[in-house]
Amino acid sequence: IAIANHALVMVHAARAATGLGGDDARLPTRYVFDEGHHVFEAADSAFSAALSGEETHDLRRWILGPQGSGGPEGSLRGRARGLKARAGDLVAGDGPAERALDAALSAAHALPGDLWLARLAANQPVGPTETFLALVRAQVLARAAGRPGEEGYSLESALRPLIPGLEGAATRLERALRRLAEPLIDLARRLLARLDDEAADLDSATRTRLEAVARGLLRRGEGDIGAWRAMLTALPAETPAEFVDWLALARVDGREVDVGLQRHWIDPGVPFAVAVARPAHGVLLTSATLTDSTGDVETDWQAAEARTGARHLPGAMRASVPSPFDYPAQTRVIVVNDVR
């Protein structure tokens with residue numbers, strides 16, 4: 001029995017659903033979701049995508065390490081060392097794999113480096129990603145102009161109509177991301193092929209490293225970058241009917257911290273039903289506050305089924321029991337009145 005929070009379960013299922021989970025794709029067969037009214041928000045977060053400065057900068061650091069992002073590498077270990085430090089010895093002597101690694105390292109320079117926020121604020125972007133983000137920021141600020149009182153808060157704007165230059169920037173960024181995704185995916189496949197070709201000779205530690213690096217490459221190349229490319233490709237046309245796209249500028253205490261293009265499912269219950277509920281042998285969702293309280297029983301249950309994705313599952317069963325807690329008799333209200 002594994003006990004986890006909603007977010008971890010959703011991310012685990014999302015990776016498995018896209019075939020990027022590797023050994024992690026062995027999902028549980030039965031779930032109990034306590035506080036089931038949080039399932040909607042957890043699914044919304046896990047199955048969404050954000051093509052933002054923070055996300056793309058994180059990818060650059062994942063590939064190039066802090067040194068490649070403008071910071072000192074020092075004595076950092078693990079993922080902070082960059083892809084070459086983590087995987088260089090795994091591809092040594094394999095010409096095509098070494099070339100794929102070099103191509104990925106070169107293509108990653110299209111992603112934002114350190115101080116990207118300052119460059120956007122000064123309207124001095126460097127590279128295709130920062131150029132796209134600068135135009136996204138300009139569109140959000142232009143749409144917010146004339147709305148008093150929002151200067152220090154996060155802002156959002158509709159995606160269309162696009163301001164001049166944004167469509168072209170999206171096209172150039174999609175090409176740059178394709179040039180990055182292709183070697184990442186190629187490198188992952190070569191590492192997985194080595195697992196098969198050298199199965200009899202690999203020690204368990206090397207096998208574990210090969211599997212972990214390959215999964216990470218596929219998760220980034222097919223998962224993250226694949227979602228971003230789909231969003232950029234749809235930019236000049238129409239957002240697919242099942243999604244909603246918008247532009248966002250995030251601020252904390254009046255300071256800009258991120259900007260980018262967001263994509264969410266209109267109904268997060270759809271991916272939850274597909275990735276979590278349908279493959280399972282059984283799913284139970286419990287909550288004291290799941291149904292509405294309109295007084296119409298059928299209407300109240302429909303709200304619960306919409307929030308949990310149960311309406312996308314044939315044969316979902318309902319059950320409601322009264323609380324054993326006698327609120328009028330057992331509740332005490334304490335008012336503290338001796339604190340200044």
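When reading the values below, keep in mind they use all heavy atoms of this one structure, side chains included, and skip hydrogens, waters and symmetry mates.
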Leu141 reachable from Ile163 in the ILVMFWY side-chain graph, under 4.5 Å edges
yes
Chi angles and distances behind the side chain to side chain contact (heavy atoms under 4.5 Å, CB included) call for Val126, Arg119
CA-CA 8 Å; Val126 175; Arg119 287 191 293 274; 3.7 Å; yes
Given the rule in the side chain to side chain contact (heavy atoms under 4.5 Å, CB included) test, do Leu59 and Leu180 qualify, once you have shown the distances and angles that lead to the verdict?
CA-CA 11 Å; Leu59 178 57; Leu180 175 59; 4.1 Å; yes
To the closest 0.5 Å, what do you measure between NE2 (His37) and OG1 (Thr286)?
9.5 Å
Could you measure the distance from the NZ atom of Lys84 to the CG atom of Asp89? Nearest 0.5 Å is fine.
12.0 Å
Heavy-atom side-chain proximity of Arg207 to Arg209 below 4.5 angstrom
no
Say you draw a straight line from CG of Leu261 to CG of Asp245; how long is it, rounded to the nearest 0.5 Å?
5.5 Å
When rounded to the nearest 0.5 Å, the distance separating CG of Leu173 from CH2 of Trp228 is 9.0 Å
Between Arg190 and Asp186 (salt bridge meaning N to carboxylate O under 4.0 Å), is one present in this structure?
yes
Leu111 side chain near Trp116 side chain, heavy-atom distance below 4.5 Å:
no
4.5 Å side-chain heavy-atom contact, Arg61 and Pro66
yes
Can a side-chain donor-acceptor contact be found between His57 and Asp114 if the only test is distance below 3.5 angstrom?
yes
Val276 and Val32: same hydrophobic cluster, using ILVMFWY side-chain contacts below 4.5 Å?
no
Whether Phe325 and Tyr327 hold their rings parallel, tilted or perpendicular, with breakpoints at 30° and 60°:
perpendicular
Using the salt bridge (Lys or Arg N to Asp or Glu O under 4.0 Å) rule, take Glu156 and Arg143 through it: C-alpha gap first, then chi angles, then the decisive distance, then the call.
CA-CA 9 Å; Glu156 296 177 350; Arg143 301 283 163 81; over 6 Å; no
Does atom CD (Glu305) have a neighbourhood of more than 12 heavy atoms from anything else shown, all under 6.0 Å?
yes
Between Trp246 and Leu159, is any pair of side-chain heavy atoms under 4.5 Å apart?
no
Does the gap between the ring centers of Phe47 and Phe243 come in under 6.0 Å?
no
For Leu83 and Leu184, what are the C-alpha separation, side-chain angles and deciding distance, and is it a side chain to side chain contact (heavy atoms under 4.5 Å, CB included)?
CA-CA 10 Å; Leu83 185 58; Leu184 291 177; 4.1 Å; yes
So, Arg194 and Asp201, do they make that salt bridge, N to O below 4.0 Å?
no
Could you give the distance from CD (Gln124) to CD (Glu130), rounded to the nearest 0.5 Å?
10.5 Å
Would Glu222 and Arg189 satisfy salt bridge (Lys or Arg N to Asp or Glu O under 4.0 Å), going step by step from the backbone distance to the final call?
CA-CA 12 Å; Glu222 293 184 350; Arg189 290 171 178 167; 3.5 Å; yes
Side chains of Asp267 and His312: is there a donor and an acceptor less than 3.5 Å apart?
yes
Leu155, Leu162: one ILVMFWY side-chain cluster at the under-4.5 Å cut-off?
yes
Answer whether the closest heavy-atom distance between the side chains of Thr171 and Leu232 falls below 4.5 Å.
no
Is the shortest side-chain heavy-atom distance between Phe33 and Leu284 below 4.5 Å?
no
Arg278 atom CZ, neighbour heavy-atom count above 12 within 6.0 Å
yes
Is Ile225 close to Ile185 at the side-chain level, that is, under 4.5 Å between some pair of heavy atoms?
no
Check whether Trp62 forms a cation-pi arrangement with Arg86 (NZ or CZ under 6.0 Å from the six-membered ring centre, at most 45° off the ring normal).
yes
Which value, rounded to the nearest 0.5 Å, describes the distance between Arg307 atom CZ and Phe40 atom CZ?
9.0 Å
Is there a side-chain contact between Ile266 and Glu242, using heavy atoms and a 4.5 Å cut-off?
no
Main-chain N/O of Leu202 paired with Thr206 side-chain donor or acceptor, under 3.5 Å:
no
List the steps and the verdict of side chain to side chain contact (heavy atoms under 4.5 Å, CB included) for Asp44 and Trp265.
CA-CA 7 Å; Asp44 181 43; Trp265 283 80; 5.5 Å; no
